[in-house]
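Comments concern the structure below.
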Amino acid sequence: MKVAVTYENGQIFQHFGHTAQFKLYEVENGQIVKEQVVDTLGSGHGALAGFLVNSGVDTLICGGIGGGAQAALAEAGIRLFGGVSGDADAAVKALAEGNLAYNPNVQCSHHNHEGHGHSCGEHHCGEDKHGCTGH
């Protein structure tokens with residue numbers, strides 16, 4: 001299993017579409033066997049799913065994530081564990097052990113901060129052709 005975590009200063013970064021780094025982990029037999037921090041090179045939102053695919057990632061742990069990004073990850077076959085916060089290494093260890101607490105219905109609630117400039121609905125899920133639900 002190759003896991004990516006939205007990453008900032010050892011913690012899970014809370015806005016998938018604006019993450020500057022991912023920490024990538026290779027997990028075998030319930031153990032982390034390799035880890036590295038990679039720069040997203042300014043990729044944003046939809047491009048990040050392609051970045052993860054090109055990196056061989058099959059699982060993502062993140063905080064908040066919008067519907068469009070969720071659909072892109074689903075289309076790419078990447079399992080999503082959203083709504084997670086705290087220490088990145090601890091989250092991957094918990095996932096490897098089958099104990100990760102996450103929110104299967106994570107929404108982009110972080111977009112509702114006043115003055116942020118856009119709302120969750122502006123991610124334009126499309127005509128539900130990607131299996132996006134919950135809007």
Side-chain angles (χ1 to χ4, degrees):
M1 176 169 56
K2 190 161 188 182
V3 182
V5 179
T6 52
Y7 190 75
E8 184 177 60
N9 299 321
Q11 300 294 303
I12 299 168
F13 185 68
Q14 290 301 299
H15 189 159
F16 172 80
H18 292 282
T19 193
Q21 294 182 315
F22 286 107
K23 189 163 183 183
L24 304 179
Y25 301 81
E26 290 184 30
V27 178
E28 294 176 7
N29 302 318
Q31 300 291 316
I32 297 169
V33 296
K34 184 178 178 187
E35 52 189 80
Q36 86 184 95
V37 176
V38 295
D39 198 342
T40 62
L41 307 174
S43 298
H45 290 95
L48 290 171
F51 180 91
L52 294 174
V53 168
N54 291 337
S55 298
V57 168
D58 55 41
T59 305
L60 172 69
I61 297 173
C62 67
I65 183 169
Q70 289 183 35
L73 292 170
E75 191 171 281
I78 295 174
R79 291 184 305 161
L80 171 64
F81 294 89
V84 183
S85 60
D87 183 78
D89 293 352
V92 175
K93 187 173 187 313
L95 177 67
E97 295 170 350
N99 300 324
L100 180 64
Y102 69 100
N103 178 359
N105 299 310
V106 66
Q107 294 295 319
C108 44
S109 60
H110 54 272
H111 287 253
N112 294 334
H113 295 280
E114 286 185 34
H116 190 64
H118 61 276
S119 69
C120 187
E122 289 179 32
H123 278 284
H124 303 293
C125 237
E127 291 82 70
D128 201 31
K129 62 185 176 226
H130 297 294
C132 182
T133 59
H135 286 285

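When reading the values below, keep in mind they use all heavy atoms of this one structure, side chains included, and skip hydrogens, waters and symmetry mates. Heads up: numbering here begins at 1 and tracks the sequence. Model, not experiment: these values are computed from the prediction.
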query: Within the side chain of K23, is there an N or O that forms a donor-acceptor pair under 3.5 Å with the backbone of G10?
result: no
G30 to A96 - nearest heavy-atom pair and separation: O-CB, 3.6 Å
task: Identify whether F16 and V106 are in the same connected component of the hydrophobic contact network (ILVMFWY, side-chain heavy atoms under 4.5 Å).
output: yes
field: Inter-residue atom distance L73.CG - D58.CG, 0.5 Å rounding
entry: 12.0 Å
- prompt: Is the number of heavy atoms from other residues, nucleotides or ligands within 6.0 Å of CD (Q31) greater than 12?
  reply: no
message: Taking atom NZ as the centre, does K93 end up with more than 12 heavy-atom neighbours from other residues, nucleotides or ligands that are less than 6.0 angstrom away?
response: no
- prompt: About how many Å separate OH of Y7 and CD1 of I12, when rounded to the nearest 0.5 Å?
  reply: 10.5 Å
message: Give me the atom names and distance for the closest heavy-atom approach of T19 to Q21.
response: OG1-O, 2.7 Å
message: So does F13 get a backbone contact from the side chain of T6, meaning a donor-acceptor N/O pair under 3.5 Å?
response: yes
Hydrophobic cluster membership, Y102 vs I32, 4.5 Å side-chain cutoff: yes
message: If I take atom CD1 from residue I78 and atom CG from residue L48, how far apart are they, to the nearest 0.5 angstrom?
response: 10.0 Å
query: Linking I/L/V/M/F/W/Y whenever any side-chain heavy atoms sit under 4.5 Å apart, do V57 and V3 land together?
result: no
field: Over all atoms of both residues, closest heavy-atom pair of D89 and Y25
entry: OD1-OH, 2.5 Å
task: Applying side chain to side chain contact (heavy atoms under 4.5 Å, CB included), run through L95 and V27 and close with a yes or a no.
output: CA-CA 10 Å; L95 177 67; V27 178; over 6 Å; no
task: Please report the closest heavy-atom contact between A88 and V5, naming both atoms and the distance.
output: CB-CG1, 3.8 Å
message: Distance check, rounded to the nearest 0.5 Å: L41 atom CG versus F51 atom CZ?
response: 6.0 Å
field: Spatial distance of atom CG (L80) from atom CG (L60) [nearest 0.5 Å]
entry: 5.5 Å
- line: A4 and L24 have their tightest heavy-atom pair at CB-CD2, 3.5 Å
- request: To the nearest 0.5 angstrom, please state how far the CD atom of E8 sits from the CD atom of Q14.
  value: 10.0 Å
Expected output: side-chain E28 to main-chain V33 donor-acceptor under 3.5 Å: no
- request: Kindly indicate whether the side chain of V37, heavy atoms from C-beta on, has any atom under 4.5 Å from the side chain of F22.
  value: no
Closest approach of A69 to I65 (non-hydrogen atoms, all atoms of both residues): CB-CG1, 3.6 Å
R79 backbone acceptor or donor facing T59 side chain under 3.5 Å: no
